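Everything numeric in this text was worked out from a predicted model, so none of it was measured.
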Amino acid sequence: MSNKQVWRLIPFLEASGSVQMAIDRWLLQQHLLGNCPATLRFYTWSPPAISLGYHQKTYPQHWENLTWKGQTLDLVRRPTGGRAVLHQGDLTYTVVTSGLVGNRLENYQQICEFLIQGWRAIDVQLDYGTAGRGYIHNPNCFGTATGADLVLTDETKLIGSAQLRKGGAILQHGSMRLQPDAELFTQVFGGESFQPVHLPANLSVDQIMTALIAAARDVFNIEIATQPLCLSEWDEILSS
């Protein structure tokens, strides 16, 4: 019999940003209450959205009227810190866990290790960004790469993550840029230079998720049980 900790995997979900953030907040709360094990999930934002960091007070007014392919972009506030992220052509991951030792950056890197190993398994090498604290003056999360972010070998940022720590538990989620649209990026962030992402051809979201789930098993030394959100859980999430 294995005595490994069992994490919950919530199947891939496409939904609005407000629903996705409600799920993440609820997962952290339930984990803190002891009602939910550590959890991993992957999702996309539909319609596309800009997520604002919890403490981000100001943003350009025109963000409230942006459209892409006939859809109005959502403007959503995250429970985590950091700067604005454009969620279009990306895949987001969430990890909710507890019991990690070390400071905030060490915890980031303990969690990010599964991202590094998972992407390496599909021939994408990642490393930590090196930008200093100057990033806080940049409204765009992907404009700079800090020590908590993961960059490709050409220094292009692939994954930006943000974290909320509460009562010994951690919610960490992050956006993986897969097919960002240059024109939309420019509409959102203006004259800032768009960095295209160079990934292996024909890489599917399913392949990425499969590699990352396998890496999570290895890095966290866990078993993973797939368990969709049930109706009563949806009721709690949507009424919170």
Side-chain angles (χ1 to χ4, degrees), residues 9-15 17 20-21 23-24 39-51 53 68 74 76 78 80-97 108-129 131 135 140-163 170-182 184-185 188-189 194-220:
L9 174 69
I10 295 174
F12 173 79
L13 183 68
E14 181 179 324
Q20 303 290 20
M21 294 304 92
I23 294 170
D24 282 358
T39 302
L40 171 66
R41 75 184 193 100
F42 300 95
Y43 55 94
T44 55
W45 307 59
S46 180
I50 299 169
S51 70
W68 188 73
D74 274 348
V76 182
R78 300 191 305 271
T80 53
R83 293 131 296 136
V85 180
L86 172 60
H87 300 281
Q88 170 276 319
D90 69 336
L91 174 67
T92 304
Y93 77 90
T94 292
V95 168
V96 174
T97 189
Y108 259 121
Q109 296 188 345
Q110 286 161 358
I111 293 172
C112 284
E113 188 58 33
F114 95 97
L115 300 168
I116 292 172
Q117 284 203 22
W119 279 93
R120 186 185 299 147
I122 45 179
D123 296 325
V124 176
Q125 298 298 318
L126 294 174
D127 206 348
Y128 292 101
Y135 81 88
N140 165 28
C141 177
F142 279 90
T144 50
T146 71
D149 299 319
L150 297 173
V151 300
L152 298 165
T153 51
D154 64 2
E155 295 295 312
T156 304
K157 183 168 168 182
L158 180 69
I159 307 175
S161 298
Q163 201 181 81
I170 291 174
L171 159 66
Q172 181 170 315
H173 50 199
S175 168
M176 300 179 261
R177 303 170 74 217
L178 305 183
Q179 295 176 306
D181 182 87
L184 180 61
F185 179 94
V188 174
F189 296 115
F194 173 79
Q195 293 180 304
V197 179
H198 301 293
L199 295 173
N202 305 316
L203 194 56
S204 71
V205 167
D206 279 343
Q207 283 175 289
I208 294 165
M209 290 192 297
T210 299
L212 291 173
I213 291 163
R217 282 197 188 96
D218 180 40
V219 166
F220 303 125

### With sequence neighbours excluded, residues passing side chain to side chain contact (heavy atoms under 4.5 Å, CB included) with Ala15
Leu13, Val19, Gln20
Please list, chain by chain and in numerical order, all residues satisfying side-chain hydrogen bond (donor to acceptor under 3.5 Å, both in side chains) with [X], sequence neighbours excluded.
X	answer
Gln125	none
Gln117	none
Trp45	His87, Thr92
Asn202	none

Any non-hydrogen side-chain atom of [X] less than 4.5 Å from a side-chain atom of [Y]?
X	Y	result
Phe114	Val95	yes
Phe12	Leu91	yes
Leu152	Val124	yes
Pro180	Val197	yes
Arg41	Val96	no
Leu40	Phe220	no
Trp68	Pro48	yes

Return a table of donor-acceptor pairs under 3.5 angstrom between the side chains of residues 205-212 and protein atoms on other chains or two or more places apart.
unit_1	atom_1	unit_2	atom_2	d
Gln207	OE1	Ser204	N	2.9
Gln207	OE1	Ser204	OG	3.4
Thr210	OG1	Asp206	O	2.8

Give me the atom names and distance for the closest heavy-atom approach of [X] to [Y].
X	Y	answer
Val219	Gln110	CG1-O, 4.2 Å
Ser161	Cys112	OG-SG, 4.4 Å
Glu113	Tyr128	N-OH, 4.3 Å
Leu184	Asp181	N-OD2, 2.8 Å
Ala84	Ile50	CB-CG2, 4.0 Å
Asp149	Gly160	OD1-CA, 3.4 Å

### Query
For Leu178, which of Asp90, Leu199, Thr44, Leu203 qualifies under side-chain contact (heavy atoms from CB on, under 4.5 Å)?
Leu199
To the nearest 0.5 Å, tell me how far [X] [atom1] sits from [Y] [atom2].
X	Y	atom1	atom2	answer
Gln88	Ser46	CD	OG	11.5 Å
Thr97	Gln172	OG1	CD	10.5 Å
Tyr93	Ile159	OH	CD1	7.0 Å
Ile116	Asp127	CD1	CG	6.5 Å

### Query
Between Ile10 and Tyr43, does a side-chain contact (heavy atoms from CB on, under 4.5 Å) hold up when you go through it step by step?
CA-CA 9 Å; Ile10 295 174; Tyr43 55 94; over 6 Å; no
### Task
For His173 and Thr80, test the side chains for any donor-to-acceptor distance below 3.5 angstrom and give the result as yes or no.
yes
### Query
Do Arg177 side-chain atoms and Gln195 backbone N/O form a donor-acceptor pair below 3.5 Å?
yes
